[in-house]
Amino acid sequence: MTQGSSPLASPQKLRNYPSYRGGEGMVAWAFHRISGIGVWAFIVLHVFDIWLIGANPALYDALGEFYSSAPGRVMETLLGAALFYHALNGMRIVVMDFWPALTIYHRGLWRAVWVTFFTFGLPGAYIILKPIWEMAA
Amino acid sequence: MSAQKYSISGRPRPTGSRVDLYVWWAVRISSLALFVLALAHFSMTHFVFDPGIQSAEWVRQTRWNSITLRVLDWGMLMAVLVHGFLGMRTVMQDYVPSRIRQASLIGLYAIALLLFVLGTQVVVTLPMD
Amino acid sequence: MSSALRAEVGQIDVDAIVVGAGGAGLWAALELAREGIPTAVLTKLYPTRSHTGAAQGGVCAALGNVEEDHWEWHMFDTIKGGDYLADQDAAEVLAREAIPAVIELERMGLPFNRTSDGKIDQRRFGGHTRNYGEGPVRRSCYAADRTGHMILQTLYQQCIKAGVKFYDEYHVVDLVFEGGEADKGGRCSGVVGYKIADGTLHVFRAKAVLLATGGYGRAWRVTSNAHSLTGDGMALAWRHGVPLQDMEFYQFHPTGIVGTGILLSEAARGEGGYLINDAGQRFMESYAPKLMELAPRDMISRAIYQEIRAGRGIGGKDYIHLDVRHLGRKVIEEKLPDITELARIYQGVEPISEPVPVQPTAHYAMGGVPTNLETEVLADARGNVVPGLFAAGEVACVSVHGANRLGTNSLVDLLVFGKRAGIRMAQICKSTPQPGSVQGAERAVRDELLALSTRPSGVRPAEIRRELAALMMDNVGVYRDEALLGAAVKGIAKLKGEYANVRVEDTGSVFNTDLLEARELGYLLDTAEATAVSAYARTESRGAHSREDFPERNDAKFLAHTLVWQGSDGAPATKLDYKPVTITKFEPKARVY
Amino acid sequence: MASATQVELKIQRFDPERDSEPHWQTLTVPVEPMDRVLDLLTRAKELFDGSITFRRSCAHGVCGSDALLINGRNRLACKLRVEALGRTITVAPLPGLPIVKDLVVDMEEFFDKFRSVQPYLVAAPVEGDGERIQSEEQRDRYDDTTKCILCAACTTSCPSFWAQPEYVGPAAIVNAHRFIFDSRDENADTRLDILSDENGVWRCRTTFNCVEACPRGINITKAILEVSSAISARR
Ligand SMILES: Cc1cc2nc3c(=O)[nH]c(=O)nc-3n(C[C@H](O)[C@H](O)[C@H](O)COP(=O)(O)OP(=O)(O)OC[C@H]3O[C@@H](n4cnc5c(N)ncnc54)[C@H](O)[C@@H]3O)c2cc1C
Ligand code: HEM
Ligand code: SF4
Ligand code: F3S
Ligand code: FES
């Protein structure tokens with residue numbers, strides 16, 4: 001029981017916080033959250049468009065056009081990147097969840113996430129994007 | 001005895017609720033399922049087949065012409081509904097002001113229900129060759 | 001216009017008040033809570049920020065967990081270490097009750113290091129010996145290098161459990177007396193607290209008031225003490241007619257970081273570190289050939305000063321080197337991690353490859369508010385008590401440390417006498433009626449604080465503080481003589497004169513640290529004065545008080561405790577008295593190691 | 001020592017009796033070679049403006065009074081060398097707690113949360129007059145979390161806490177951990193109950209800001225995950 005609090009204390013504003021200079025862990029978290037929300041938003045759309053296969057195939061095909069167009073492919077690449085980063089970092093989190101002692105290596109694990117991300121991601125991006133310049137050519 | 005009290009001070013008495021424990025487990029388990037299913041799905045739709053050929057007709061005749069693939073895709077839908085929406089629940093618990101948090105969460109769950117219905121419907125009713 | 005003080009005044013009635021939430025105050029509060037006495041603990045810091053948390057070494061108790069030990073040996077070491085000025089009945093209580101106190105701490109949850117059979121582990125510490133001085137003994141119970149931290153945390157935890165009522169960040173600015181001041185037979189009936197968060201004064205009334213405010217090391221320039229250690233309890237009591245005892249005995253720890261005085265623990269020497277002068281010699285061999293770097297603190301501090309004076313400080317400057325390089329990286333990193341970290345951060349020195357510059361640093365007040373064994377504050381040399389007022393911890397002088405405190409014995413002091421204070425206060429609270437009304441008791445201090453905070457021009461407190469710290473360092477340091485001390489007494493009087501014109505810039509009522517620091521400077525001036533005056537009058541050398549003009553101990557004249565009273569109406573202190581030392585088991589002998 | 005250089009010290013100021021919003025004050029302050037940020041603040045207060053307000057006590061990193069947001073990170077001002085920071089030093093109060101004045105935040109909520117996890121040993125009285133026996137391994141189990149000085153650097157660096165001040169926060173969990181894994185304690189279950197709701201351990205997103213901020217080098221995230229594992233492991 002204490003009697004110390006100040007009646008005049010002024011709450012701080014949430015908008016100041018992004019300037020905090022966190023380390024790898026904070027960046028990993030921010031990316032994870034952003035990618036999670038991004039993938040979620042896409043999936044809401046995606047389930048809906050899959051539903052169109054039964055409900056309105058013509059509309060679905062129109063959408064499919066978009067997916068295979070140049071901007072569509074760029075978007076797909078970003079989606080893939082988000083999903084892939086999220087998946088890898090998600091495994092990093094799960095691994096630490098079940099073996100808390102691994103937390104001392106969280107930076108190393110994070111680096112491993114990026115190495116994996118680029119090793120598989122760059123060829124993947126190439127495959128998805130290739131048709132763009134093939135089309136152009 | 002003071003030892004029995006939860007909080008001598010101002011912190012609201014913890015609810016002792018286990019909901020968040022179950023949520024935690026559900027997110028972890030579904031994430032393991034998604035790691036396989038979602039990555040496989042993405043590879044299939046982008047690396048094995050080019051998006052350019054995946055018309056509605058193609059999906060019906062090729063992709064979903066197998067019960068196994070339909071079941072797997074439906075399973076992935078379930079995992080996403082659990083994982084993605086519980087994930088969004090966390091995000092909303094963080095950033096949605098408490099006044100409208102309850103209402104927003106109900107909205108979120110409603111979207112989940114809608115996706116469940118739409119997704120299940122198409123998986124079950126789309127005719128096979 | 002905002003003002004540093006708000007008009008409204010809080011009135012709070014309790015049975016007991018504890019001022020200060022370091023080790024001593026917290027244990028007292030705990031005893032009071034156990035007895036169900038309504039108690040208020042006031043502290044100007046959050047309890048866990050008290051300086052008890054800085055103690056690293058350990059707490060001695062003759063548990064005999066790793067080798068044979070007896071409390072009589074501990075008692076003897078304490079008395080000899082204190083150059084026979086300690087009251088031997090008090091030293092006996094200290095050594096005896098250390099044992100149950102440490103056990104009780106363990107039961108409260110303190111994470112002591114353990115022996116291989118799961119008991120409290122013990123290690124060696126300077127001045128603690130087996131069989132009356134035969135050789136070092138493992139007596140210090142410890143929790144890694146954070147014993148003080150763990151004591152503070154554990155006691156605070158138990159206070160939370162017991163529901164102790166804390167008034168955190170309440171600065172006690174005055175004591176309340178009824179029936180005259182302490183020297184006129186008055187009774188302490190409460191305190192006035194200034195709530196730092198909003199600038200309101202609160203008058204607390206109680207049957208028993210404990211001072212547990214710690215030391216006043218900030219009076220010196222180079223000090224191991226926290227900024228908050230400004231002698232508040234001593235000065236407040238002094239201002240109300242209570243004498244201060246043995247103030248000339250102030251311990252300088254030999255190894256402080258140069259400039260700041262941050263402490264490098266005795267452990268560095270315990271593990272085998274050397275002290276080296278400019279010529280690269282281990283100079284302790286010419287001062288204490290047997291114990292070398294493990295001689296008592298007062299002796300080593302003196303030796304360092306001798307070297308510096310003879311021009312053998314490093315590069316002719318005022319420090320020498322602590323060298324641990326020969327111990328090797330492994331020992332340094334495993335056994336002395338905190339010291340290594342401190343040297344790196346605060347000195348930019350890498351102890352593995354470089355010697356660490358050190359100099360003596362002001363560390364611990366052996367003197368303070370005189371009390372009896374029950375921690376009741378004494379009004380005079382005859383042992384008359386000041387009703388309602390108690391003191392324990394570094395603020396008090398029981399006296400267990402005599403003229404020089406042994407390492408770890410301060411923590412023991414807190415535990416044993418903090419506990420005793422709580423028990424005694426509970427008894428008093430049960431048998432005494434509440435004192436009369438204390439309404440309006442805040443008026444005097446309100447006027448003083450308003451005067452401080454509304455003066456339109458004047459000196460900055462920081463300037464006076466700097467001058468005082470330099471004066472005390474140069475004139476009331478390790479070596480003293482008549483000329484130095486005379487100049488100190490004069491200089492302090494001059495600074496007190498200037499203090500009357502000190503000006504505070506912050507005029508707000510919320511968290512006005514400017515005002516409180518100015519107020520604390522007043523306490524420092526008082527304790528510094530008491531120190532200089534007592535030192536001037538003691539024309540002998542004993543323990544930490546080393547007079548070059550009187551290098552010998554003089555038992556015929558000075559086997560006695562000094563008492564000094566504040567001068568009336570701002571005049572310098574002149575009233576002194578001496579009180580015989582209680583001797584029970586050990587006759588004074590020459591102190592050789 | 002010569003004061004060879006000086007730095008720009010940017011302090012966030014806020015006086016509740018005058019200001020409605022915090023604002024910045026920039027001072028050019030002389031530095032000495034071994035200065036820490038606390039020395040700089042003290043000097044600024046002594047030389048330029050006595051009303052600059054901050055907490056401090058021990059001055060060597062053991063009391064936890066002066067955790068502040070320094071150049072974008074939570075640090076103890078008394079443990080951070082000026083040298084390492086460049087020419088401009090920005091000092092603001094800990095994020096997420098209400099500002100009382102200048103660099104001083106209201107710590108009551110923080111200590112409330114600490115107290116809410118029952119941070120004290122609960123055990124049946126012991127017979128006899130000796131200590132309880134505890135093996136070295138049993139003691140090592142919770143050693144790391146006994147180091148906490150309640151400076152609040154961790155809790156106020158945590159994005160989950162910024163978002164939801166109801167989150168009990170890393171510091172409270174650290175102190176719960178200290179008892180949950182103490183072999184002498186008999187109250188672990190209650191503490192796990194307390195920490196298992198929405199504002200308990202589950203809010204941790206393994207961001208590691210807390211670990212990075214902790215001046216005592218406690219592996220806080222590990223402690224949190226050990227507590228959550230203990231919760232999910234029980235029946
Ligand atoms: C660096 C260092 C290392 C040490 N190492 C050891 C060691 O290893 N072993 C050992 O035995 N001793 C050691 N000591 C000495 C020992 O730590 C102290 O003497 C002891 O902790 C003092 O405890 P205390 O309870 O008397 O006061 P403190 O712990 O100093 O507490 C004082 C309390 O009083 C409060 N207070 C002060 N003034 C006021 C006021 N005006 N109003 C309200 N509250 C007030 C403060 O807020 C605080 O809570 C060391 C000292 C230092 C400086
Ligand atoms: C592919 C495999 C995936 C893995 C391994 C994975 C893993 C995880 C994990 C472990 C978390 C918890 C993070 C934490 O507690 O800090 C999480 C959160 C989240 N996931 Fe996934 N996930 C995957 C796919 C997805 C998908 C497909 C979506 C979109 C529907 C998604 C959306 C989210 C969201 C919104 C969060 C909450 C983010 C946050 O709390 O910061 N995840 N994910
Ligand atoms: S865990 Fe570390 S950062 Fe957090 S309060 Fe404790 S000492 Fe400070
Ligand atoms: S910063 Fe916060 S999210 Fe967890 S790892 Fe630390 S408590
Ligand atoms: S002042 Fe004590 S931690 Fe910095």
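Below, read A as the first sequence line, B as the second, and so on, with proteins coming before strands; counting in each chain starts at 1. Given the structure is predicted, the values throughout are model-derived calculations rather than measurements.
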Atom group of [X] that falls short of 4.5 Å from chain A, counting heavy atoms:
X: D:Val211; value: neither
X: D:Ile224; value: neither
X: D:Ser157; value: both

*Where does A:Ala101 contact chain D at under 4.5 Å (heavy atoms): side chain, backbone, both or neither?*
both
*Check each atom of A:Ile104 against the heavy atoms of chain D and say whether the ones under 4.5 Å are side chain, backbone, both or neither.*
both
Just by modelled atom types, is the [Y] backbone N or O under 3.5 Å from a matching donor or acceptor in the [X] side chain?
X: D:Arg73; Y: A:Arg21; result: yes
X: A:Gln12; Y: D:Leu94; result: yes
X: A:Tyr20; Y: D:Cys158; result: no

Distance, nearest 0.5 Å, that separates [atom1] of [X] from [atom2] of [Y]:
X: A:Ser10; Y: D:Asp106; atom1: OG; atom2: CG; value: 11.0 Å
X: A:Leu102; Y: D:Thr221; atom1: CG; atom2: OG1; value: 13.0 Å
X: A:Arg33; Y: D:Arg205; atom1: CZ; atom2: CZ; value: 6.0 Å
X: D:Leu225; Y: A:Phe98; atom1: CG; atom2: CZ; value: 10.5 Å
X: A:Arg107; Y: D:Glu212; atom1: CZ; atom2: CD; value: 7.0 Å

Could you check whether atom [atom1] of [X] has more than 12 heavy atoms from other residues, nucleotides or ligands sitting under 6.0 Å from it?
X: A:Phe31; atom1: CZ; value: no
X: A:Phe117; atom1: CZ; value: yes
X: A:Phe120; atom1: CZ; value: no
X: D:Trp24; atom1: CH2; value: yes

_Only pairs of heavy atoms separated by less than 4.5 Å count here; which of D:Pro16, D:Ala92, D:Pro95 has the most with chain A?_
D:Pro95
